[in-house]
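Take a look at the structure set out below.
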2 protein chains.
Amino acid sequence: MNFYSIAMTKEIDTGESPTVSNVMARIRQHIFEGIYAPGQRLIEKDVVEEYGIGRGRAREVLKSLVGEGYLEFEENRGVRVRRLTRQGAIDIGRVREVIEGLAARLAAERTFTDEERSTLANIQAEMDRATEERDAETFAHANRRFHDLIVEVADNSVLTKQLEILRVPIFRIQFQQSFTTASMGERNKDHQRITQALLDGDADAAEAAMRDHVRRGNARLVEFADRLFG
Amino acid sequence: MNFYSIAMTKEIDTGESPTVSNVMARIRQHIFEGIYAPGQRLIEKDVVEEYGIGRGRAREVLKSLVGEGYLEFEENRGVRVRRLTRQGAIDIGRVREVIEGLAARLAAERTFTDEERSTLANIQAEMDRATEERDAETFAHANRRFHDLIVEVADNSVLTKQLEILRVPIFRIQFQQSFTTASMGERNKDHQRITQALLDGDADAAEAAMRDHVRRGNARLVEFADRLFG
DNA sequence: TCGGACTAAATTGTCAACAATCACGTAGGA
DNA sequence: TCCTACGTGATTGTTGACAATTTAGTCCGA
C-alpha cells in the first residue's frame with residue numbers, strides 16, 4: 001500500500017453519484033496535495049457541487065474526516081483543514097519517531113523477498129546518485145518511496161493508518177523543505193544505515209537508525225517552520 | 001486527563017437536545033464499558049431514541065465514530081462496534097508497545113512536581129500491597145491509574161488520543177484477564193522498574209521497561225484470547 | 001425435508017425545505 | 001471619527017418524508 005496514492009481511485013464519470021468512500025479519498029488526496037490548505041474552510045455547498053453528492057452525504061463525509069483527523073470542526077462554523085501549531089508539530093514529531101522506528105523494526109524482522117531486497121537496493125542507489133549530483137527533486141521522490149516501502153513491508157495495518165494521518169499535516173512543510181540540499185548528505189547517511197540494518201535483518205539497529213533519522217528530521221522541521229512563521 | 005472518564009460529562013436533563021460531542025462521548029463510554037459489545041450493530045433508530053437526537057445528527061455522530069475507529073461501517077448495513085481479529089490484536093499490540101514506551105520516556109524527561117512524585121509513589125505502594133495480598137481488583141484499579149498518570153504526565157495530545165483508541169478494543173479482554181492473579185507478581189515487578197526509572201528521570205530505562213512490560217502483556221493477551229476463542 | 005421465490009417489516013440512503021446562526025457591511029448618533 | 005445597532009446574505013443545523021436495500025419469515029413445489 002502506498003499512502004501517496006490514497007485517492008487514486010478512478011473517476012466515476014457516468015453521472016452516477018460517487019460513493020462516499022470515493023469522495024473521502026479524493027478530499028484526503030486534496031488535503032495531502034495542499035489543494036486544500038491548512039486552515040481553509042470547506043463549505044458544504046462547494047463540496048456538494050465539487051463532488052456531485054447531496055448535502056446530507058457531504059456532511060457525513062466531512063464528519064468522518066473530522067474523526068480521522070484530517071479536518072477540524074467548529075459548531076455552527078463547519079469544518080476546515082486541520083491546522084498545525086508549533087506544539088502540535090512537536091507532539092506529532094515525537095509520536096512519528098517511534099512509529100516510523102517500529103516500522104523499520106517490523107520490516108527488519110520479516111524475511112525479505114528477493115524482489116523486496118532489490119527494490120530497496122535500487123532506491124538506495126538512486127538516493128546515493130541523487131545525493132552525489134545534488135538532485136533534490138529525485139532525492140525527495142526516492143525518499144518517499146523508501147519510507148513507503150518500509151511501511152509496506154512492515155505489514156501492520158494499524159501502523160500504516162496512524163502514520164498516514166501523522167504525515168498529513170507536515171507533508172507540505174517537508175515538501176518545501178526538501179528542496180534544501182543542505183541536509184541531503186546527512187539524510188542519505190541515515191538512509192544508508194537503515195538500509196544496511198534492514199538487509200542484515202537487524203531489527204534493533206533498524207529501529208534505532210530510523211528513530212535517529214526521524215528525530216533529526218523533526219528538529220530541522222521545527223527550525224524551518226520557525227523561520228517561516230516566526 | 002483520564003481516559004476512563006471520557007463520557008463523564010453531566011446529563012443535560014432539560015429536554016434540550018444533547019450536544020453532538022456529548023452523545024459521542026457517551027457512546028464511546030458505552031463501547032469502552034462493553035455495554036455495546038464488539039460486533040454489535042448500532043441501529044440508527046435506537047441511537048435516536050436512546051440519546052434524544054434527530055436521525056441526521058445520529059448518522060453524523062456514528063460516521064464520526066467510524067472515523068475515530070470505534071465503529072465499523074458497511075454500506076446499506078449501518079455501523080457496528082469494531083471487532084477484533086487475532087491479527088488485529090497483534091498489530092495493535094505492537095503499536096501500543098512503542099506508544100506506551102514513548103509515554104514513559106516523555107514522562108521521565110519531564111521534571112515531576114512534588115505532587116506527581118507522591119501520587120506515583122502512592123499508586124506503586126498500593127500495587128505492592130495488592131500484589132502481596134493477591135487482591136486482583138485493587139491491583140487492576142491501581143494499574144489503570146498508573147498507566148493513566150504516565151500518559152497524563154507525558155503531556156502529548158497526539159499520543160493521548162492515539163493510545164485511547166488503541167486501548168478500546170482490548171480493554172474488555174484485559175479486564176476479564178485482570179482477575180487472573182497468576183501474572184500479578186511479574187506485572188508488579190515491571191511496574192516497580194518503571195516507577196524507579198520515572199523517579200530517577202532515566203528516560204531510556206523508563207521507555208525500555210515500559211516496552212518490555214507492554215510486550216509481555218500483549219503475549220498474555222493473545223494467549224488468553226486464543227484460549228477464549230480458539 | 002430442502003430450497004427457491006415471494007412478501008412484509010425493518011433499516012439505511014437520499015433529498016428538499018425550513019430554521020438558526022454567523023459574517024459583514026451600512027447607517028445613524030454621540 | 002468611532003461605535004453601536006441593525007439588516008442582509010451566506011452558511012450551517014434540523015427535520016420529515018420518501019426511496020432503496022436488506023432482513024426475516026412464509027409459502028409452495030420438487
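Here the structure is a predicted model, which is why all the values come from computation and not from measurement. Letters go in sequence order (proteins before strands), and every chain restarts at 1.
- Distance B/Leu42 CG to C/dA10 C1': 16 Å, rounded to the nearest Å.
- Of all nucleotides listed (C/dT14, C/dT12, D/dT12), D/dT12 comes nearest to the side chain of A/Ile43.
- The separation between A/Glu75 atom CD and D/dT12 atom P is 13 Å, rounded to whole Å.
- For the pair B/Glu109 and A/Arg94, the salt-bridge criterion is met [side-chain N within less than 4.0 Å of a carboxylate O].
- Counting to the nearest Å, the P atom of D/dT14 and the CD atom of B/Glu60 are 8 Å from each other.
- Look at NZ on B/Lys45: it is 12 Å from C1' on C/dA9, rounded to the nearest Å.
- Across the protein-nucleic acid pair, A/Leu62 atom CG and D/dT11 atom P stand 14 Å apart, rounded to whole Å.
- Electrostatic pairing of B/Glu100 and B/Arg211 does not count as a salt bridge here, judged by no charged N lying under 4.0 Å from a carboxylate O.
- A salt bridge does not link A/Arg80 to A/Glu74: none of the charged nitrogens lies less than 4.0 Å from a carboxylate oxygen.
- You'll find the side chain of A/Leu65 stays beyond 4.5 Å of the side chain of A/Val79, heavy atoms only.
- If you check C/dT11, C/dC22, C/dG13 against the side chain of A/Asn76, the one that comes closest is C/dC22.
- Taking atom CD1 of B/Ile53 as the reference point, atom C1' of D/dG16 lies 16 Å away to the nearest angstrom.
- Side-chain N/O atoms of B/Arg77 include one lying less than 4.0 angstrom from OP1 or OP2 on D/dT23.
- Scanning all heavy atoms of the two residues, the minimum distance from A/Ala37 to A/Val81 falls at O-CB, 3.2 Å.
- Within the nucleic acid shown, A/Gly56 has no heavy atom closer than 4.0 Å to any nucleic acid atom.
- The side chain of A/Arg41 places an N or O atom within less than 4.0 Å of a non-bridging phosphate oxygen (OP1 or OP2) of D/dT12.
- In this structure, the CD atom of B/Glu74 is 11 Å from the C1' atom of D/dT22, given to the nearest Å.
- As a whole-Å value, the separation of A/Glu44 CD from D/dG13 P is 6 Å.
- Taking every side-chain heavy atom of A/Arg59 into account, D/dG13 is the closest of C/dT14, D/dT22, D/dG13.
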